[in-house]
Amino acid sequence: MPKKNNDTHEITRLLIRRADILSHAGLFNAAGQLLADIDTTMLTDDLTEYYFDTMRGIMQYEYEYLGNSDKLMSQRIDSMRHECISRVLAVSNPASYTHIVNKATQYIDRKETVKAIEHLENNIDKYSKGTRNYAILASLLAQAYYLEGNMPMRERYLILSAISDIRDCVKENTAIRELAELLYAKGDLDRANRYLKKSIADAYFYSARMRGAQTGRLIPVIDASYDATRREMSDKLKIYVGVISILAIILALAAFLILMQLRRLRKSHDKMAQATDELAKLYEEVRSANNDLEHLNNSLEESNRIKEEYVARFMNYCSVSISTLEQYQNSLNVLAQSGDKAALVKRIKSNRVVDNALREFYAMFDHAFLNIFPTFVDDFNNLLLPEYRVSVHEAEKQLNTELRTFALIRLGITDSSKIAQFLRCSITTIYTYRSKTRKRAISPDTFEDDAASIALI
């Protein structure tokens, strides 16, 4: 007899379990008919708890399935669900999972969200993450926070519920569908679309018509928004492509203009470089001309100074010479008138007058030259080797024949015949002076040019 009772208990439990499975598949009438055939008065407390909790689940799923399509039927089913919750709470252990879930559901139905949140927060940590129990309690907490208006906490517990279902390999995951709705409301259409597709795939996996119908209501809405967003993005993309194309054209034109400008600048630079070269050449020519002009000015200044010095002295010399000739002529007239023919002949044959004239002429030349070139003797000696340097008496300011030769060269008289005529000696003597002195020079090849370049002070 006990064995028969045990068999009846197990059969009843299996029937209730079958009804629960049918309800998850959306076969509410078949599930309700199975439970209606069970005599509740013959059930033990644990089966009574299981029976009414399963009945509450069937009512819950059918209520969610109907939605707003039949308000009268929805109200009747919701009333039956409340009655089932009360029957479960009456027979279940307050510490049991079934009691915790139904009590939280009762608080939520009565809009006592603060109590529901407190009740669930106190009991959710009793269950491990990754279990079905934890996922359901987290889903109820998300619902309570939603009614409380706390959207961040609702999102948090929906995420925890979805994660727990995934870890527990549960496909009947309401949390992902509700997350899709939440993300859609936030405007995150990409994630909403992905979560919705995941929810649909799970519903089809275990043939849950109810979950498929619930998810199906969202598909047109999210797809429409997603398509609108895609169209908007496509329109924006077209605009961006157009703007980029225009910018590319502008950039190409700018690049072309810059290239043309660079070519112009390069040509201008080449012309400027050429002008700079020409200007540099012109500057060199001007500088050379200035140097030549300066050299010419110096030469003219030197020539003027020499002329001034010698003109004054030779005018004085000519005047004195004329006076001397006049005196000489007068002396000859006196001798001629006196009839002293011997004295006259002697006077005429005498060279004293000529020698005196030459001595005075050379003294005047030396004095004038050394006034113009006071350092000539020192500069001339600097051109000679030390052992061949010549010396003159500073007080007398007189040059010897060798120095007079190069003094004339310094004055620009380089013809040996003219120098010989000026110094009243032979051309051979002048050649000898020039050759001998050149051999005594430090730089024989440039000696005469160096002597001709001795500067004024």
Side-chain angles (χ1 to χ4, degrees), residues 287-318 320-321 351-352 354-457:
R287 190 168 67 86
S288 178
N290 286 335
N291 291 336
D292 293 341
L293 184 60
E294 183 180 358
H295 181 69
L296 182 59
N297 286 335
N298 292 335
S299 298
L300 288 173
E301 183 180 354
E302 179 181 320
S303 177
N304 289 335
R305 183 174 173 183
I306 293 172
K307 286 177 181 179
E308 289 174 2
E309 182 72 23
Y310 277 98
V311 166
R313 287 186 178 274
F314 279 95
M315 284 180 68
N316 182 59
Y317 173 75
C318 289
V320 172
S321 295
N351 291 326
R352 184 173 59 84
V354 175
D355 291 340
N356 288 338
L358 283 174
R359 187 167 48 254
E360 289 178 6
F361 174 74
Y362 289 139
M364 182 275 299
F365 174 80
D366 294 345
H367 192 273
F369 184 81
L370 291 175
N371 278 343
I372 299 170
F373 300 96
T375 63
F376 176 79
V377 177
D378 294 334
D379 293 339
F380 182 80
N381 281 328
N382 289 334
L383 299 175
L384 300 175
L385 295 170
E387 62 270 22
Y388 296 114
R389 291 176 181 175
V390 296
S391 61
V392 296
H393 294 291
E394 186 66 26
E396 296 179 358
K397 287 191 176 181
Q398 288 186 348
L399 305 174
N400 56 27
T401 303
E402 181 182 358
L403 288 174
R404 286 193 191 106
T405 300
F406 288 97
L408 291 170
I409 291 174
R410 176 63 186 85
L411 293 174
I413 302 172
T414 59
D415 189 353
S416 295
S417 62
K418 291 183 179 179
I419 296 173
Q421 184 180 1
F422 183 85
L423 296 178
R424 301 182 69 80
C425 61
S426 67
I427 294 176
T428 303
T429 302
I430 299 303
Y431 278 131
T432 301
Y433 276 137
R434 294 176 75 167
S435 177
K436 181 178 66 175
T437 308
R438 186 165 53 247
K439 291 178 181 178
R440 295 173 180 177
I442 296 173
S443 299
D445 294 337
T446 61
F447 170 69
E448 289 195 1
D449 292 334
D450 295 337
S453 301
I454 292 176
L456 296 169
I457 291 180

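Values reported hereafter were calculated over all heavy atoms of this structure, with side chains retained and with hydrogens, waters and symmetry mates removed.
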### Query
To the nearest 0.5 Å, how far apart are CG in L403 and CG in L408?
11.0 Å

### Query
Could R410 and F373 be counted as a cation-pi pair, given that NZ or CZ must be under 6.0 Å from the ring centre and within 45° of the axis?
no

### Task
Provide the closest heavy-atom pair for F447 versus R438 in the form atom of the first, atom of the second, distance.
CD2-CA, 3.9 Å

### F361 and F422: CA distance, side-chain angles, deciding distance, ring-ring contact (aromatic ring centres under 6.0 Å, His included) verdict
CA-CA 11 Å; F361 174 74; F422 183 85; 5.3 Å; yes

### Query
Take atom CZ in R424; do more than 12 heavy atoms of anything else shown fall under 6.0 Å from it?
no

### Query
Atom CG of L383 and atom CD of E448: how far apart are they, to the nearest 0.5 Å?
11.5 Å

### Query
side-chain hydrogen bond (donor to acceptor under 3.5 Å, both in side chains) with Q421: which residues, sequence neighbours excluded?
none

### Query
Tell me, which pairs form a side-chain hydrogen bond (donor to acceptor under 3.5 Å, both in side chains) where one or both residues lie in residues 376-388, sequence neighbours left out?
T375-D379

### Task
Report the distance from atom OG1 of T414 to atom CD1 of I419, rounding to the nearest 0.5 Å.
6.5 Å

### Query
Any sub-3.5 Å donor-acceptor pair from S435's side-chain atoms to Y431's backbone N or O?
no

### Task
Any chance you could lay out the side chain to side chain contact (heavy atoms under 4.5 Å, CB included) test for I442 and L384, step after step, and finish with the verdict?
CA-CA 5 Å; I442 296 173; L384 300 175; 5.9 Å; no

### Task
Kindly compute the distance separating CZ (R389) from CZ (F380), expressed to the nearest 0.5 Å.
11.0 Å

### Query
Would Y362 and L423 satisfy side chain to side chain contact (heavy atoms under 4.5 Å, CB included), going step by step from the backbone distance to the final call?
CA-CA 9 Å; Y362 289 139; L423 296 178; 4.2 Å; yes

### Contacts of D450 that satisfy side-chain hydrogen bond (donor to acceptor under 3.5 Å, both in side chains) - sequence neighbours left out
T446

### Query
Of all heavy-atom pairs between Q398 and A363, which one has the smallest distance, and what is that distance?
NE2-CB, 4.2 Å

